[in-house]
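One structure is given here, and the rest of the page talks about it.
Predicted, not measured: the structure shown is a model, and the values here were computed from it. When reading the values below, keep in mind they use all heavy atoms of this one structure, side chains included, and skip hydrogens, waters and symmetry mates.
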Amino acid sequence: MVLGDTLLDRDVEGLVNRLCPDSPVPVLDETTSVDRPGGAGLAAVFAAAQGAEVALVTAVADDAGGARLGALLAAAGVQLYALPLVGATPEKIRLRVRGRVLLRHDRGGPTGVPGEPSEAVLRLLATASAVLVSDYGRGVAGQSALRAALAATRAPVVWDPHPRGPAAVPGVHLATPNEPEARELAKTPPGGSRLANASRSAQALRRRWQAGAVAVTLGGDGALLCHAGSTPLVVPAPAAEGDTCGAGDRFAAAATLALARGALVSEAVQEAVTEASAYVAGGGVATALPSPPVAVAPALVTAGGDRIGAAAAGEVVSRVRAAGGTVVATGGCFDLLHAGHLATLQAARRLGDCLVVCLNSDASVAGLKGPERPVVSQGDRSRLLAALGCVDAVLIFDEPTPHAALSWLRPDVWVKGGDYASGGGDQTLPESEILARWGGHTVVVPYLDGRSTTDMIAAARAGWAATPAGTARETVVRSTAKGAR
């Protein structure tokens with residue numbers, strides 16, 4: 001398990017060939033941009049890339065940035081256990097030229113207060129094989145219920161601290177501050193050699209936090225490990241040059257995975273130094289993330305008209321939650337909207353205070369149903385759904401399943417229409433496990449028998465085949481169908 005603050009990171013790569021005419025600053029002509037999870041999210045992605053089953057407990061806001069994070073984390077194979085977050089998703093944007101950072105732009109406003117963890121999160125903390133607390137000073141590591149569960153777990157806990165964050169929970173196996181963080185957290189006075197200062201800082205933090213060990217990372221010089229003995233262990237690093245962004249997250253994730261496998265703390269730190277050095281030498285975050293999932297993970301559509309897109313859905317959900325209401329969601333392709341769809345949507349809306357429809361994009365529908373589908377484009381399908389009085393917002397997603405969208409929306413109720421409740425056998429909906437992460441519920445509602453998009457398309461095609469070729473009717477029908485595609 002990884003627990004902590006997640007940011008949305010964006011690397012914007014471009015070229016600078018001129019200065020701005022109204023100010024002596026360079027003009028960046030953007031060529032590419034890549035989104036990725038940052039902070040605790042990046043540490044979780046690193047761990048998942050090593051083959052571990054990873055659950056991330058973090059706070060996510062009801063905005064387009066939070067939706068994008070949900071899609072990226074799902075694409076990387078990370079199970080998202082999202083805590084509610086008031087405010088905006090923090091974003092960190094790096095403007096780069098030929099791999100070098102020209103400017104960093106942070107946005108997201110003041111730190112929001114994360115909500116309470118669900119029972120599923122607390123159960124998971126009690127059964128995790130190892131826990132990494134990746135604190136970025138935005139409140140998750142200070143949440144009281146989470147701290148109580150961390151103090152009670154028997155799993156090894158690695159604490160990657162932040163100067164603006166809380167003290168580590170007493171008894172953690174390993175704390176991993178970098179050199180400036182250790183100096184600031186321990187209030188180490190200036191003077192003395194670098195190793196002496198790092199050692200004093202580490203020992204002070206180990207005693208204050210009652211930690212088993214503290215490893216101070218020293219950048220290209222490796223790490224200094226202080227434990228119960230009086231003599232620290234210096235772990236040198238192989239020579240490495242490159243982009244160090246994310247190296248601390250890679251170090252902490254590697255140490256946590258090693259402890260989960262039963263390694264000694266000294267072995268875990270040595271493995272982490274090797275991993276972090278190889279990460280920097282290999283090109284850093286630009287080349288280390290899984291390819292292609294995170295680099296090209298499809299984005300939830302963030303705009304598209306009134307009541308359509310991640311921003312619209314987030315605004316509706318945030319407003320209903322603030323009023324103490326119930327958020328209901330349902331999903332599907334809705335290729336040819338018919339009476340059966342309408343009955344399901346109306347029944348779903350009656351179960352709460354808003355209804356968000358998770359709509360498969362054109363690419364998602366084609367992947368599920370073949371290249372002949374959809375018949376109606378996602379733009380038209382979303383507008384038809386948004387025009388219904390029972391629908392409050394439409395969220396378009398590109399993945400085969402709505403799991404990423406649900407992890408962000410966190411509806412109280414997920415509704416499926418169909419014959420799931422009949423026929424015997426296992427009646428568990430595939431979305432049930434996702435909803436259980438935040439205490440949500442899945443339900444089915446009756447559907448109108450005899451209504452089917454597939455049957456409608458088949459009937460239309462049968463009508464074409466029965467009509468003599470070249471007639472005006474065939475020409476009109478085929479022309480209309482072609483335009484709809």
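- A heavy-atom distance below 4.5 Å is found between the side chains of L125 and L146.
- Taking 4.0 Å as the cut-off between side-chain N and carboxylate O, R94 and D9 do not count as a salt-bridged pair.
- With sequence neighbours excluded, the residues forming a side chain to side chain contact (heavy atoms under 4.5 Å, CB included) with R349 are L355, C390, D392, listed by chain and number.
- Listed by chain and number, the residues in a salt bridge (Lys or Arg N to Asp or Glu O under 4.0 Å) with R437 are E433 (sequence neighbours excluded).
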Requested in this report: Could you go through the side chain to side chain contact (heavy atoms under 4.5 Å, CB included) check for V415 and V444 one step at a time?
Outcome: CA-CA 6 Å; V415 178; V444 294; over 6 Å; no
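- Residues D398 and S364 bring no donor and acceptor atom of their side chains to less than 3.5 Å of each other.
- A223 approaches V273 most closely through the heavy-atom pair CB-CG2, 3.8 Å.
- Contact check on D62 versus R319 returns no salt bridge, with no Lys/Arg side-chain nitrogen under 4.0 Å from an Asp/Glu carboxylate oxygen.
- Each of L56, V60, L124 was checked for a side-chain contact (heavy atoms from CB on, under 4.5 Å) with Y81, and the lone residue meeting it is L124.
- For A393, the side chain to side chain contact (heavy atoms under 4.5 Å, CB included) partners at least two apart in sequence or on another chain are A313, V316, V356.
- Residues P117 and A145 share a closest heavy-atom pair of CG-CB, 3.8 Å.
- The closest donor-acceptor contact from the side chain of W209 to the backbone of A175 lies at 3.5 Å or more, if one exists at all.
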Query raised in the report: Are L132 and M1 close enough, and set up right, to give a side chain to side chain contact (heavy atoms under 4.5 Å, CB included), and what steps lead you there?
Result: CA-CA 6 Å; L132 167 60; M1 171 180 279; over 6 Å; no
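- Side chains of D160 and S134: a donor-acceptor N/O pair is absent below 3.5 angstrom, by distance only.
- The minimum heavy-atom distance between V216 and A198, with the atom names listed, is CG2-O, 3.9 Å.
- S382 contributes a side-chain N or O that, together with a main-chain N or O of Q378, makes up a donor-acceptor pair within less than 3.5 Å.
- Smallest separation of non-hydrogen atoms from L233 and S266: CD2-CB, 4.0 Å.
- Around atom CD of E241, no more than 12 heavy atoms belonging to other residues, nucleotides or ligands sit under 6.0 Å away.
- Summarising the geometry of C245 relative to R36, their closest heavy-atom pair is SG-NH2, 3.7 Å, with the distance given to 0.1 Å.
- Residue pairs meeting the salt bridge (charged side-chain N to carboxylate O under 4.0 Å, His left out) criterion with at least one member in residues 178-188, sequence neighbours excluded: E179-R194.
- Proximity of L69 to T89: side-chain heavy atoms (C-beta onward) are separated by under 4.5 Å at one or more points.
- The one candidate from T326, T330, L435, V317 that meets the side-chain contact (heavy atoms from CB on, under 4.5 Å) condition with P411 is L435.
- The shortest side-chain heavy-atom distance between L72 and L8 falls under the 4.5 Å cut-off.
- Side-chain contact between S33 and E13: absent, with no pair of heavy atoms (C-beta onward) separated by less than 4.5 Å.
- Between D106 and K92, none of the side-chain N atoms (NZ, or NE/NH1/NH2) sits under 4.0 Å from a carboxylate O, so this pair counts as no salt bridge.
- Residue pairs meeting the salt bridge (charged side-chain N to carboxylate O under 4.0 Å, His left out) criterion with at least one member in residues 127-138: none, sequence neighbours excluded.
- Listed by first and then second residue, the salt bridge (charged side-chain N to carboxylate O under 4.0 Å, His left out) pairs that reach into residues 257-270 are R261-E271, sequence neighbours excluded.
- Aromatic pair Y279/F251: ring centres not closer than 6.0 Å.
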Report task. Decide yes or no on side chain to side chain contact (heavy atoms under 4.5 Å, CB included) for D11 and V285, but give the supporting numbers first. Result -> CA-CA 10 Å; D11 276 358; V285 72; 4.2 Å; yes
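- Using a distance-only test at 3.5 Å, with no hydrogens or angles considered, no donor-acceptor pair links the side chain of D249 to the main chain of L42.
- Annotation: side chain of L80 is in contact with side chain of T58 (closest heavy-atom distance under 4.5 Å).
- N360 places no side-chain N or O within donor-acceptor distance of the main-chain N or O of I396, the cut-off being under 3.5 Å.
- Heavy atoms of other residues, nucleotides or ligands lying less than 6.0 angstrom from CD of Q50 number more than 12.
- Shortest non-hydrogen contact noted between A43 and V2 is CB-CG1, 4.4 Å.
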